[in-house]
Amino acid sequence: MKLPRYPDMEAAEDVLARRGGSLGRPLEVMDETGSTNDDAKRGARDGAPHGAVWVAEAQRAGRGRQARSWYAAPGESLLASVLLRTKAAPARTPQLSLVAGLAVRDAVARRIEPSRVRLKWPNDVLVDGKKVAGVLVESIIAGARVDALIVGFGVNVHTRELPEELSSRATSLSLAGATDVDRSELLADVLAGLDRDIELVAHRGLGLVRARLAACDALFGTEIAFAEGEGGVAAGIDDDGRLVVRRSDGSLARVSSGEVHLVAREGAAREESR
Ligand code: BTN
C-alpha cells in the first residue's frame with residue numbers, strides 16, 4: 001500500500017535513543033496494521049518488555065473507547081501503543097488512564113498555545129474544544145494485579161481535511177496552526193510524560209498530578225449529562241479519578257465510567273465524545 005507518507009516517522013528510533021528514557025525500546029514502526037493496541041497486547045502475551053512501542057502509519061481496525069472505531073487518515077497521524085509492565089492494582093486503572101491522557105495533552109501543549117489545549121475527562125485531548133487526540137488504555141490482569149497496561153494513543157497531526165461528519169468536533173495539530181510538527185519528537189514527548197508520571201500514580205495515586213489535571217480540565221464548570229436523565233455541573237476530578245458532578249440540588253455525583261455529554265446551550269451543537 002502506497003501511503004502519502006510524511007517522512008517524520010523515519011527518524012523515530014534515533015530520536016528516542018537521543019532523548020533517553022525507559023520507554024520506546026524496542027520500537028516497531030509499520031506502514032499498516034490492524035490496531036497497534038492489538039499488536040501491543042500480542043507482544044505483552046509473547047513476553048515483550050516494559051517500554052516496547054508499536055507505531056503504524058495506518059490501521060485497518062483502529063479502536064477507540066466505548067467500542068468505537070478510530071478514524072485516522074493514513075500517514076498523517078501519530079498512531080502508537082506502548083506496553084507498560086507497571087505493577088498496579090486493577091482499581092488504579094482509571095487513574096492511569098487519566099494520566100495517560102495528561103501525557104498526550106502535555107505533548108500537544110508544547111506545540112499549541114497551552115491554554116487552548118485541554119483534557120476532557122477521562123482522556124480526550126481537545127484544542128479549542130475540538131478533539132485532536134484520543135487515548136485507549138487496556139489492561140491485562142493476572143490474579144489481583146495488572147500484569148500489563150497498553151496505552152494506545154492517536155493524535156491527528158498533519159491532516160488538513162477531516163470527514164464532514166467529524167469536522168465540527170475534531171481537529172488536527174496542523175488545522176490548529178502547528179504545521180511543522182515532527183511525529184517522532186511528539187512520540188518522544190508522550191513517552192517522556194508517561195515515563196515520568198505512570199509509576200508515580202501507580203504507586204502513590206493521583207495526588208501529585210491533581211493540580212496539573214485541574215489546570216487543563218475541559219469540563220470544569222460546564223453543564224453535563226452523564227446518565228439517563230442525570231446531569232449537573234462538572235466540579236473536578238477526585239482522588240480515584242472519578243468525575244465529580246454537582247447536581248442542581250447541591251448533592252455530588254461521582255462518575256466512574258461511561259460517557260459524559262456536554263449539554264448544548266440553546267442554539268449550540270451538542271458535542272459528544274468519541
Ligand atoms: C478514543 O478517543 O476513543 C481513543 C482512541 C484511541 C486510538 C488509538 S490509535 C492507536 C491505538 N490503536 C488503536 O486501535 N487505538 C489506539
Side-chain angles (χ1 to χ4, degrees), residues 3 9 12 23-24 27-44 48 52-84 93-94 96-105 107-108 117-127 129-140 148-159 162-163 165-166 168-173 183-184 186-191 193-194 218-219 241 243 257-262 271-274:
L3 294 166
M9 271 325 296
L23 310 180
L27 170 72
E28 186 171 348
V29 181
M30 300 163 280
D31 277 347
E32 190 185 273
T33 190
S35 152
T36 56
N37 264 41
D38 290 343
D39 295 325
K41 267 193 207 161
R42 252 189 313 276
V53 171
W54 290 259
V55 174
E57 290 285 5
Q59 295 183 124
R60 290 181 298 276
R63 289 187 281 111
R65 288 187 296 112
Q66 314 274 333
R68 295 187 177 103
S69 61
W70 177 255
Y71 166 81
E76 299 180 350
S77 301
L78 174 59
L79 307 171
S81 300
V82 53
L83 168 62
L84 301 172
T93 318
L96 296 172
S97 168
L98 269 170
V99 167
L102 189 60
V104 179
R105 182 265 162 199
V108 169
V117 189
R118 310 195 80 77
L119 191 62
K120 179 176 169 229
W121 183 90
N123 55 22
D124 287 345
V125 181
L126 311 183
V127 173
K130 289 182 170 186
K131 184 157 168 173
V132 76
V135 179
L136 176 65
V137 175
E138 298 180 293
S139 46
I140 299 176
L149 207 63
I150 315 293
V151 177
F153 45 95
V155 188
N156 302 331
V157 179
H158 299 304
T159 306
L162 287 155
E165 66 275 17
L166 292 181
S168 64
R169 57 197 164 97
T171 190
S172 71
L173 289 173
R183 288 177 296 161
S184 298
L186 182 65
L187 172 65
D189 285 345
V190 175
L191 296 181
L194 291 171
L219 292 178
L243 182 70
S257 66
E259 198 77 334
V260 299
H261 304 290
L262 300 186
E271 184 192 310
E272 295 182 5
S273 63
R274 66 180 184 120

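Both counts, for ligands and for their atoms, begin at 1 and track the order of listing.
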Quick one: which ligand 1 atoms are inside 4.0 Å of a heavy atom on Asp124?
-> 2 (O)
Arg63 and Leu136: which non-hydrogen atoms are nearest, and at how many Å?
-> O-CD2, 3.5 Å
Looking only at heavy atoms, which two atoms of Trp70 and Gly134 are closest? And how far apart?
-> CH2-N, 3.7 Å
For ligand 1, which atoms have a heavy atom of Arg63 less than 4.0 angstrom away?
-> 5 (C), 6 (C), 7 (C), 13 (C), 14 (O), 15 (N), 16 (C)
Thr36 heavy atoms, cut-off 4.0 Å: which ligand 1 atoms fall inside?
-> 10 (C), 11 (C), 12 (N)
Does ligand 1 have an atom under 4.0 Å from some heavy atom of Lys131?
-> yes
Does the side chain of Leu96 come within less than 4.5 Å of Val137's, by heavy atoms?
-> no
From the candidates Glu138, Gln59, Lys120, the one that places a heavy atom nearest atom 9 (S) of ligand 1 = Gln59
Within a distance under 4.0 Å of any heavy atom of Gly62, pick out the atoms of ligand 1 and give their elements.
-> 14 (O)
Heavy-atom side-chain contact between Lys131 and Asn156 under 4.5 Å = no
Does ligand 1 have an atom under 4.0 Å from some heavy atom of Arg68?
-> no
Beyond-backbone contact of Asp39 with Met30, side-chain heavy atoms, under 4.5 angstrom = yes
Check each atom of ligand 1 against the heavy atoms of Gly64 and keep those under 4.0 Å away; list them by number with element.
-> 1 (C), 3 (O), 4 (C), 5 (C)
Quick one: does Pro122's side chain get under 4.5 Å of Arg65's, heavy atoms only?
-> yes
Looking at Val135, which atoms of ligand 1 are within less than 4.0 Å of one of its heavy atoms?
-> 2 (O), 4 (C)
Atoms in ligand 1 flagged as close to Asn37, the criterion being non-hydrogen separation under 4.0 Å = 11 (C), 12 (N), 16 (C)
Which residues share a side-chain contact (heavy atoms from CB on, under 4.5 Å) with Thr159, sequence neighbours left out | Ala73, Glu76, Ser77, Leu162, Ser172
Among Leu149, Val82, Asp189, Val104, find the residue that satisfies the side-chain contact (heavy atoms from CB on, under 4.5 Å) test when tested with Leu194.
-> Val82
State whether the shortest distance between N or O atoms of Trp70 and N or O atoms of ligand 1 falls below 3.5 angstrom.
-> no
Near Ser81 (heavy-atom distance under 4.0 Å), the atoms of ligand 1 are 11 (C)
